[in-house]
Protein chains: 2
Amino acid sequence: MDQNPRMAKAAPPPSGTTQDRILAAAEALFCEVGFAGVSARDVALRAGAQKALVFYYFHSKEGLFEAVLSRYYDAHQAALAEALAAAGTVRERMHRLVDAYLDFMARHSAYARLVQAELSNPSTHPLVEKNFAPLYRFVEDALGEVAPDEGRAAARQLFVTFQGAVLNWCTYAPLLSRVWGQDPLAAPLLEDRREHVRWLVDLVLDALERSPASARRAAPAARPKGGRAAARGARSRASGRVTPRAR
Amino acid sequence: MDQNPRMAKAAPPPSGTTQDRILAAAEALFCEVGFAGVSARDVALRAGAQKALVFYYFHSKEGLFEAVLSRYYDAHQAALAEALAAAGTVRERMHRLVDAYLDFMARHSAYARLVQAELSNPSTHPLVEKNFAPLYRFVEDALGEVAPDEGRAAARQLFVTFQGAVLNWCTYAPLLSRVWGQDPLAAPLLEDRREHVRWLVDLVLDALERSPASARRAAPAARPKGGRAAARGARSRASGRVTPRAR
DNA sequence: GGTCCATTTGACCGATCGGTCAAGATTCGT
DNA sequence: ACGAATCTTGACCGATCGGTCAAATGGACC
């Protein structure tokens, strides 16, 4: 009886402050079993701390979740910003963006699954939205360089498509792994995926370069037609911006 | 968390047997708040039944979840099968498949979100896998008509890409709706999405027809080259394996 | 010494959870 | 009409949940 060593404590050595250890434990646990599946007692146990300390430092379970989420989104946005910062042709920068996204998601697939999981929970997805919105605007700005505002190749369409092409490979990995008998996030299959997404990006960019007007065909009303990037830049407020566009 | 969705108790539609009413209530609740967020008491309350009846008919909460899941997957697979059944060129059938998928997911976006949510839960995703696997093989067989087995345009790559392009539009709808100020699942935006996915399908099919060899470039070994669908059918019937990898 | 303040502890609370049970009510074959 | 099988009820169980609290620690400054 007594304390069963079945629950991995993983970090009983006093690495970092108590607050950091709780945050790290919560991070791991939320990703493993989702928000509802984690109890404050579990978090404290893995952090080698007392349950009450969870509430002392983070006030509530939702506060803890929020802390974990924003830490992740910061890393997420930083990874994408770095990929977009360097110079190069539009095509090179798109490839870098998609590469960085794939690498980040493959490394943090549990986090990606967590976010997708909480999407269905109406009480927690305001938290997700708060982090998602600036990230979306950031990427949409980047896509606005190559894609029109409306029509069947609009920036928002490409965003969802490329985002889904990369993300679902990672979030569906546990399922696909069983169906295929191989891990989609391990070296051979992950590189296959990278090849595919790059191929897809090139396909779309070729089509956009070949006939930029036809891609916009489905858009009915003529729009005021200011500089597209300028209009878009004005829309995204100054606060959320991370990297000024270098072209 | 919040007790908003709990208050839906009185005036249960006397339609159907008690078992059906419980199943319908569970369906709605699981989609609203996920597996962990639903209690047997909630289900019984909404169904206008007694809590013990949930366990009488479905043995456990997981049994109830399994019943809900398989009912949904049956409808899902039926929708896709109908789209693939009719005759036509490969391109027409691919368009119909994607259309049917988009329509089904737009109508059942809550279900799509539920499935994605439970993907992160290792204790429930065997249940999801049991339903996902045959559906995957079914669609992969269809894709095998147009796509090679390996390389950057392999059937499995296209599956994840198109599936993600359609599905994420629906599962991310609550988030995108707030960012855009419009509902992605309502008429105007949903048709925009359909245009985009059709455009994307054409882009890929054109590329595959133009140079079927180059798409397969990354695949080194020459394969026996029997009828692709036949070989795939035999393979998937025989065992869980889909494609032996040579690299 | 003493005092202040952030940190830590362990016991405690009410509510809710999934699941069981024995006994009543209803339906049905005969 | 009668017993058997099926369905329904409400009370009940042990466990766990998020969250609180008063008291104990321990170091920093005077």
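On a predicted model such as this, the values are computed, not experimentally measured, just so you know. So you know, we letter chains A, B, ... as the sequences are listed, proteins then strands, and number each from 1.
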Q: List in chain and number order the residues that pass ring-ring contact (aromatic ring centres under 6.0 Å, His included) with A:F55, two or more places apart in sequence or in another chain; answer none if no residue qualifies.
A: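 Checked A:F55 against ring-ring contact (aromatic ring centres under 6.0 Å, His included); zero matches.
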Q: Check ring-ring contact (aromatic ring centres under 6.0 Å, His included) between B:F162 and all other residues, then give those that pass, not counting sequence neighbours.
A: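 In terms of ring-ring contact (aromatic ring centres under 6.0 Å, His included), with neighbours along the sequence ignored, B:F162 is linked to no residue.
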Q: Classify the nucleic acid contact of B:V38 as base, sugar-phosphate or nothing, counting any heavy atom under 4.0 Å across all strands shown.
A: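 Sugar-phosphate: the residue B:V38, judged by heavy atoms under 4.0 Å, touches backbone atoms but no base.
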Q.
Using a 4.0 Å heavy-atom cut-off, does B:Y57 contact any base of the nucleic acid, only the sugar-phosphate backbone, or nothing at all?
A.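 Touches sugar-phosphate only.
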In whole angstroms, how far is the [atom2] atom of [N] from the [atom1] atom of [X]?
X	N	atom1	atom2	result
B:Q19	D:dT6	CD	P	13 Å
B:L53	C:dG18	CG	P	16 Å
A:Q50	D:dG18	CD	P	15 Å
A:L45	D:dT16	CG	P	12 Å
B:F35	C:dC17	CZ	P	13 Å

Q.
Between B:N168 and A:Q163, does the side-chain hydrogen bond (donor to acceptor under 3.5 Å, both in side chains) criterion hold? Intermediate values first, please.
A. CA-CA 9 Å; B:N168 278 31; A:Q163 181 259 5; 3.2 Å; yes
Q) If you check every side-chain atom of A:D42, which of D:dC17, C:dA6, D:dT8 has the closest atom? A)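 Side chain of A:D42 sits closest to D:dC17.
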Q: Choose from C:dG18, D:dG18, D:dT9 the nucleotide whose nearest atom is closest to any side-chain atom of A:S39.
A: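 Of all the options, the side chain of A:S39 is nearest to D:dG18.
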Expected rows: protein N/O vs nucleotides 19-22 of chain C N/O, under 3.5 Å:
{"from": "C:dG19", "atom 1": "OP2", "to": "B:K61", "atom 2": "N", "distance (Å)": "2.8"}
{"from": "C:dG19", "atom 1": "N7", "to": "B:K51", "atom 2": "NZ", "distance (Å)": "3.3"}
{"from": "C:dG19", "atom 1": "O6", "to": "B:K51", "atom 2": "NZ", "distance (Å)": "2.2"}

Q.
How long is the straight-line distance from CZ of B:R193 back to CG of B:L200, given to the nearest 0.5 Å?
A.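 Answer rounded to 0.5 Å: 8.0 Å.
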Q) Nearest 0.5 Å, what's the CZ-CG distance between A:F132 and A:L135? A)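 If we round to the nearest 0.5 Å, A:F132:CZ and A:L135:CG are 7.0 Å apart.
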Q) Within the structure, does a side-chain N or O atom of A:T18 lie under 4.0 Å from either OP1 or OP2 of C:dT8? A)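 Result: yes.
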Q: Examine D:dT16: is either OP1 or OP2 under 4.0 Å from a nitrogen or oxygen in the side chain of A:R41? Give yes or no.
A: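 No, outside the criterion.
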Could you tell me whether [X] and [Y] make a salt bridge, using a distance below 4.0 angstrom between a side-chain N and a carboxylate O?
X	Y	value
B:E191	B:R194	yes
A:E66	A:K130	yes
A:R156	A:E140	no
B:R46	B:E32	yes

Q) Side chains of B:M105 and B:H76: closer than 4.5 Å at any heavy-atom pair? A)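 They are in side-chain contact.
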Q.
As a check on the pairing definition, encode DNA chain D in dot-bracket form, counting Watson-Crick and G-U wobble pairs whose two distances are under 3.5 Å, and using | for partners outside this strand.
A. ||||||||||||||||||||||||||||||
Find every protein N or O atom lying less than 3.5 Å from an N or O atom of nucleotides 25-28 of chain C, and list the pairs.
none

Q.
Filter on salt bridge (Lys or Arg N to Asp or Glu O under 4.0 Å), then keep only pairs touching residues 163-176 of chain A, sequence neighbours left out; what's left?
A.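 Every candidate salt bridge (Lys or Arg N to Asp or Glu O under 4.0 Å) pair involving residues 163-176 of chain A fails, so no pair, neighbours aside, qualifies.
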